[in-house]
Amino acid sequence: MSSKPSFIGAVEIGTSKITALIGEYNGRELAIIGRGECASRGVIKGSVVDYKAASDCAHSALELAERDAGERIELVFLAQTGGHLDGFYNEASVNVKSSDNMIGRDDIRTVCDLAKSKELPAGRMVVHNIRRPFRVDGRLVPTSPENLVGQKLEVGYWTVHGQEQRLADNIHVIRGFNLEVRELVLASLASGHMVTTAEERQNGVLAIDIGAGTTDFVLYRDGVGHTTGVVPVGGTHLTNDLSLGLRLTEGQAEKLKLRHGRATVQARDKSEKVWLDGNFAIGDRQFPRHAIEQITAARTWELLEVVKKKLGHSFSTETCQAGVVLTGGTAKLPGIAECAAKVFGVPAHLGETPSWVAENLRDPGYHTALGLLYYGVSSQGEKSAPIRRKAGFLHSVSRLFATS
Amino acid sequence: MSLINDNFPTARSWRDIPQPVKPRAMSRGGRQRFILSIVRSSLVFAVIVGVGVGGWQVFRVTHETLGKPSVSAAAPLSSTQLETTGYLGGDATWLARTLALPRNATLMGLDLDGLRARLLAQGQVQSAVLTKVFPSTLRVQLTERTPVVRVMAQLPGAEPRQFLVARDGVVFSGVGFPAEIVESLPWLEPTKLVRDGDGFVPVAGMVVVADLLGKARLEAEHLYKTWRIVSLAALNTDAEVEVRTASGASMVFSASADTLSQIAKLDLILDRLAQRGSTFKRITLGGGRDAIVTLDVPLVPVATSASTKTAPATAPRRGSTSFSPAFGNFSPSSKKSREL
């Protein structure tokens, strides 16, 4: 394995902020060496609506990250979210061709191609094809079924697809900085990969990433992503509800949400009031704590209910034994785990950042970007190990041409 | 297998989205990176092309000079090609005598610098280029000196014989020159040539002589034909070159004055003398508009005084005579003729 390091970028274009991380990958380990972030502009619900504003923010974040790392990157893994994303499940089965019923590579390839071959409506493009475990005569096979004996081979794919223009906009924002988008990764898969363990994924776990504009979720079963989804509701909707309910500006509502918002109602005294600023300045007002908690809790409950509804039959307490893991900026809302546990009927907890992650990256808001790097590197390694393959002099030369 | 798979409808992936964007869609940083990448790509391309061309050149040279020597080094030199600007090519054996190549010499074994030095040691050769032409030919390209005058000299242990002197003063034997060319050259007044190895030290002042004789030959050939001896005896002391005719008359040219005007003045004086039926013994030119003519026979004997052999000859005043010089480039309307 090559020890020559490669420098990879991860970019999450979020509704509240754009985050860029740079990782140094030596073929065995990935180290985060640069970070840059910029308050997001031109992005609503995870979709680019102002190309120039979004580009400026993204490029600022990338420049900061490169400066922090002291290295230039040539390719990035880009997180993809947005309400335009959707998914469906499609499966296929083939009869094993071999006379001795031993499954060969051709059988596997055929059934996989069949399962992925469903056509999409015009203007839709595949973002991910997430394979579920093979089944041989109804028997679950967690790894490759090659050389197993059986008559019928089955497999299914959860296909995530999105609107072509929205996907292109995101890619072009990065390409405007003359960087290649090597991999487009669903935000929920990235953050879910970061906050769940392999054991949890094997036992079944639901990872919910509640961002500012969207809520991404992924349900893992049998160690792989089973169902994913995006709800175009996030922390800004809580702020908006507070703003409407208490007649506040968005800034004031955001401040109240961060200081007094909760996902469950805790205040018993309905007359208890809290100050808006608490600095006794002119214009400072008081608001009932119970009302604030009621508004944020109701919206949070509703958001999680929507997630549960979107999961449908895929989710059940039996198949999600590891419970619910919450992450994202809005997951910092107090009582949200308790709320999620009530909604889903399974244990819930906040996603924890692995201990080896640096202190300044331990905030849940970085889970997607961190997960992008790890998920991206691991998925690349599974596909064709391009980083290892391209290391060396020829790789350096090819990189020069690849950027032109 | 592939037949089946090719029939599957394939959904479009995000990878089908063309990633490149137009420069106007890039930020300033993106454009800078884009330009930098183009520059880097160009440099890499130039390096690759350079290495490729260099490699090809090395291969070509190696193929031509090192690839074939195993054949040519063993094969003896088969022929020599002589290309010259003069008359050395007329002597078929001169090149072989001068190069003195060993009988079994091979092309790869030739010392071109040494051979070139041998050729240049022959005064007649001004420059020489020697080229190895594979597989077994030596090409010699020479530039020869042009003789200006001839001189009698004697090498140690040999009889006095005729040598030629070039414009740069180099004295050489003069191989292959036709007799009419050599005989048309004036003699250099016997002077003591300084020995230098097997030859002589170049004669100083030959540039002045070459200039004088060349212009006379070109502009007044009828005068040049009568010149037999050129003397440089007074060149260093008086800056004068003396030319003597077959009849013993002498003409003294100034090395510092314009050569062409002196020749024109001489031609005019000789015309006037011919009209008067006089002959001269010595004409000293180069004194501006004047010339000193020493006549061979006095024009009018004066009984009361000593016969005057020397008389100043003043050129006619402007427009005082219709004068047509014998050479074409010197017209009566020119400034020189008016001064005369």
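Quick note on labels: first sequence line is chain A, next is B, and so on, each numbered from 1.
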Engaged part of [X] at the chain B interface, taking heavy atoms whose separation is under 4.5 Å:
| X | answer |
| --- | --- |
| A/Q80 | neither |
| A/H172 | both |
| A/E66 | side chain |

Original post:
Are the side chain of B/R15 and the backbone of A/E183 linked by a donor-acceptor contact shorter than 3.5 Å?
Top reply: no
Distance in Å, [X] [atom1] paired with [Y] [atom2], rounded so as to fall on 0.5 Å steps:
| X | Y | atom1 | atom2 | answer |
| --- | --- | --- | --- | --- |
| B/K22 | A/R175 | NZ | CZ | 15.0 Å |
| B/S37 | A/N178 | OG | CG | 4.5 Å |
| A/D169 | B/I17 | CG | CD1 | 9.0 Å |

**OP:** May I ask you to check whether over 12 heavy atoms, not counting those of B/R28, lie within 6.0 Å of atom CZ?
**Re:** no
Original post:
Got a sec: does the NZ of A/K17 have more than 12 other heavy atoms crowding it under 6.0 Å?
Top reply: yes
Heavy-atom side-chain proximity of [X] to [Y] below 4.5 angstrom:
| X | Y | value |
| --- | --- | --- |
| B/W14 | A/I171 | yes |
| A/R72 | B/R33 | yes |
| B/Q32 | A/F177 | no |
| A/R124 | B/R12 | no |

Subject >> Which atoms of B/L43 approach chain A - backbone, side chain, both or neither, heavy atom under 4.5 Å >> reply: neither
Original post:
Among A/V181, A/L179, A/V127, A/I174, which has the most heavy-atom pairs under 4.5 Å with chain B?
Top reply: A/V181
**OP:** Report the residues that fulfil side chain to side chain contact (heavy atoms under 4.5 Å, CB included) with B/L110, sequence neighbours left out, ordered by chain and then residue number.
**Re:** B/L77, B/L101, B/A105, B/L107, B/L112, B/L115, B/K132, B/L138
Subject >> For A/H59 against B/S27, the heavy-atom pair lying closest together >> reply: ND1-OG, 2.5 Å
